[in-house]
Every structure is written in C-alpha cells, then in structure tokens.
Amino acid sequence: MKLTFIRHGQTDLNKDNRIQGGGIDQPLNETGINQAEVAASHFDPQKYDLVFSSPLKRAKKTAEIFVKGQKQIYFDDRIKEMDFGEWDTLKVDELIKEYPKGFNEDGYVANGYLRYAPGGESFEEVASRGSEFIDELIHKYPDKNILVVCHGTLIKTLVAHYFSNGNLGVFEQVANCAISEFEMTENFSKVICYNQVL
C-alpha cells in the first residue's frame with residue numbers, strides 16, 4: 001500500500017502558537033486556505049484510490065481543497081489530533097515557562113506533559129488508535145494508493161511508531177499542508193518523503 005499523509009493548513013491557533021488538539025475544532029484561517037490551494041495546485045487527486053480525513057474542520061476543509069471534488073472523502077475519529085486536555089488553546093511560550101519538563105528542547109510537547117495537563121492523551125494512546133487505523137488500511141487495501149489528511153502531532157507520532165520504535169526525536173514537526181509518503185505492507189515499511197511542502 002502507498003500511504004500519503006497531508007497535514008491541514010494553518011488556523012488562528014497555529015498562527016498564535018497555541019496548543020490545538022483533538023478537542024478543539026478550529027477552521028482554517030485565510031492563510032491556511034491559501035496554503036492548501038497553493039499546494040493543491042501541484043497535486044493530482046486522481047492517483048489515489050481512497051481518501052480519508054480527520055472529521056475536524058481544519059482537516060476536512062484541507063481535504064476538500066486537495067481532492068477538488070474528484071474523490072469521496074471518508075472520515076475516521078481515529079485520525080483526529082492528539083487531545084492535549086486542559087492545555088488546549090493555551091500559548092506554548094507561557095506553558096514552556098511554567099512547565100519546562102512538559103516540552104522537548106525544540107519547544108514541542110513531550111511525554112512528560114501529562115503530569116501538568118489533566119485530560120490529555122499520551123503519545124502511546126495516540127499511536128495505538130492511529131496505528132489501528134493504518135494497520136486496518138494495510139490489511140484491507142494492500143495494493144491501493146491511500147491519501148490521509150489529518151494533523152501534525154498525529155502524523156509525527158505514527159511515523160515514529162512505524163519507523164523509529166516510537167522515538168519522536170528522530171522526525172521533525174510536520175509543516176502545514178506538507179506531504180509525507182510511505183510504502184507500507186504487513187511486513188515492510190519504507191519512507192518515500194517526509195514533511196515536503198509542495
């Protein structure tokens with residue numbers, strides 16, 4: 001199976017460098033719509049057999065822009081963004097000052113954040129639900145070309161799950177509207193490209 005991930009375009013929370021998880025349903029802002037339209041102008045949806053998206057507005061709208069009305073979009077809750085609990089919508093800079101152990105050296109949320117963010121998901125929980133979705137695709141559609149439009153932390157967590165034994169430090173954060181492509185079977189996985197902006 002060939003699997004392509006696309007991260008959604010920018011939202012106002014992204015622009016303001018605020019935490020935006022699966023419990024927050026922000027739409028794309030004007031910049032985000034433009035990012036998706038520019039990237040989609042270099043993108044051919046016809047080569048994909050199936051298209052899946054997170055049901056959150058920012059991913060749904062991005063998927064609609066990329067497929068240009070040429071493909072049906074299927075929605076799945078398992079590919080929603082990681083839920084950051086009480087940290088959702090808070091400013092990253094302020095959280096880093098107050099809870100430095102909740103972030104890695106690059107300023108991204110790290111596993112330790114759960115001690116300070118009640119109601120949040122662990123990276124293991126996100127990897128579990130996301131990999132259940134991907135493994136199901138591999139089993140059902142081994143010879144298909146699949147497009148999945150979703151979220152940055154989810155993509156990075158899944159790539160780490162399949163390619164670095166869960167080590168999130170190996171892969172950079174995914175940019176808005178960036179594409180990552182993989183070949184995946186039940187016994188073999190290969191990175192074609194990661195975090196490529198069209």
Side-chain angles (χ1 to χ4, degrees), residues 5-39 53-63 65 77-131 148-180 194-198:
F5 283 119
I6 296 176
R7 184 189 174 199
H8 64 79
Q10 187 189 81
T11 68
D12 284 340
L13 288 178
N14 291 147
K15 180 182 176 183
D16 294 342
N17 198 26
R18 292 177 181 270
I19 300 283
Q20 179 178 230
I24 301 298
D25 200 8
Q26 277 264 304
L28 297 182
N29 61 19
E30 192 173 321
T31 297
I33 291 170
N34 183 255
Q35 287 171 333
E37 288 175 344
V38 168
S53 173
S54 158
L56 297 178
K57 291 173 188 171
R58 55 195 186 268
K60 181 175 183 280
K61 180 65 174 179
T62 302
I65 292 170
D77 283 340
R78 291 173 293 179
I79 51 174
K80 288 169 76 170
E81 181 60 295
M82 182 171 176
D83 191 331
F84 295 101
E86 291 184 9
W87 275 17
D88 264 327
T89 74
L90 301 182
K91 287 189 75 71
V92 171
D93 295 346
E94 293 171 6
L95 287 170
I96 290 173
K97 285 178 190 169
E98 193 167 350
Y99 308 108
K101 291 184 178 176
F103 294 82
N104 65 22
E105 60 276 4
D106 297 318
Y108 293 109
V109 172
N111 245 335
Y113 96 98
L114 278 175
R115 284 175 282 180
Y116 318 108
E121 278 186 291
S122 70
F123 286 96
E124 291 79 13
E125 287 170 326
V126 174
S128 177
R129 65 171 163 86
S131 63
V148 178
V149 182
C150 53
H151 306 273
T153 301
L154 174 78
I155 295 169
K156 182 178 177 180
T157 303
L158 284 174
V159 174
H161 172 80
Y162 285 103
F163 295 98
S164 66
N165 205 26
N167 182 355
L168 293 162
V170 173
F171 295 94
E172 63 189 354
Q173 200 68 15
V174 181
N176 290 116
C177 290
I179 286 182
S180 301
Y194 180 76
N195 196 28
Q196 179 180 328
V197 179
L198 295 179

Hey, are the side chains of [X] and [Y] touching, using non-hydrogen atoms and a 4.5 Å cut-off?
X      : Y      : answer
Ile179 : Phe5   : no
His161 : Phe123 : no
Gln20  : His8   : yes
Gln35  : Ile65  : no
Val126 : Thr153 : no
Thr62  : Arg7   : no
Lys101 : Tyr116 : yes
Gln173 : Lys156 : yes

Atom pair [atom1]/[atom2] of [X] and [Y] - distance to nearest 0.5 Å:
X      : Y      : atom1 : atom2 : value
Asp93  : Phe103 : CG    : CZ    : 9.0 Å
Leu168 : Asn111 : CG    : CG    : 7.0 Å
Ser180 : Gln196 : OG    : CD    : 8.5 Å
Asn176 : Ile6   : CG    : CD1   : 12.5 Å
Leu95  : Leu90  : CG    : CG    : 5.0 Å
Thr11  : Ile33  : OG1   : CD1   : 11.5 Å

Output, in order, the C-alpha distance, side-chain angles, deciding distance and verdict of side-chain contact (heavy atoms from CB on, under 4.5 Å) for Asp83 and Asp88. CA-CA 8 Å; Asp83 191 331; Asp88 264 327; 3.7 Å; yes
Closer than 3.5 angstrom, by distance alone: can the side chain of [X] be matched with the main-chain N or O of [Y] as a donor-acceptor pair?
X      : Y      : result
Lys91  : Asp16  : yes
Tyr113 : Tyr108 : no
Asp25  : Lys57  : yes

Yes or no on side-chain contact (heavy atoms from CB on, under 4.5 Å) for Cys150 and Ile155, after CA distance, side-chain angles and deciding distance? CA-CA 7 Å; Cys150 53; Ile155 295 169; 3.6 Å; yes
Run the salt-bridge test on Glu81 and Arg58 with the 4.0 Å N-O cut-off and return the result as yes or no.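 Here Glu81 does not pair with Arg58 in a salt bridge, since their nearest N and O are not under 4.0 Å apart.
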Contact summary for [X] and [Y], nearest pair of heavy atoms:
X      : Y      : answer
Ala160 : Asn167 : CB-O, 3.7 Å
Asn29  : Gln10  : ND2-OE1, 2.9 Å
Leu154 : Arg129 : CD1-NH1, 4.1 Å
Gly21  : Phe84  : CA-CD1, 3.5 Å
Phe171 : Ser164 : CE1-OG, 3.8 Å
Asn195 : Ala178 : OD1-CB, 3.2 Å

Would you check, one step at a time, whether the test side-chain contact (heavy atoms from CB on, under 4.5 Å) holds for Cys177 with Val197? CA-CA 7 Å; Cys177 290; Val197 179; 6.0 Å; no
Residues, nucleotides or ligands: over 12 heavy atoms within 6.0 Å of Asn165 CG: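 Atom CG in Asn165 is not crowded, with 12 or fewer foreign heavy atoms closer than 6.0 Å.
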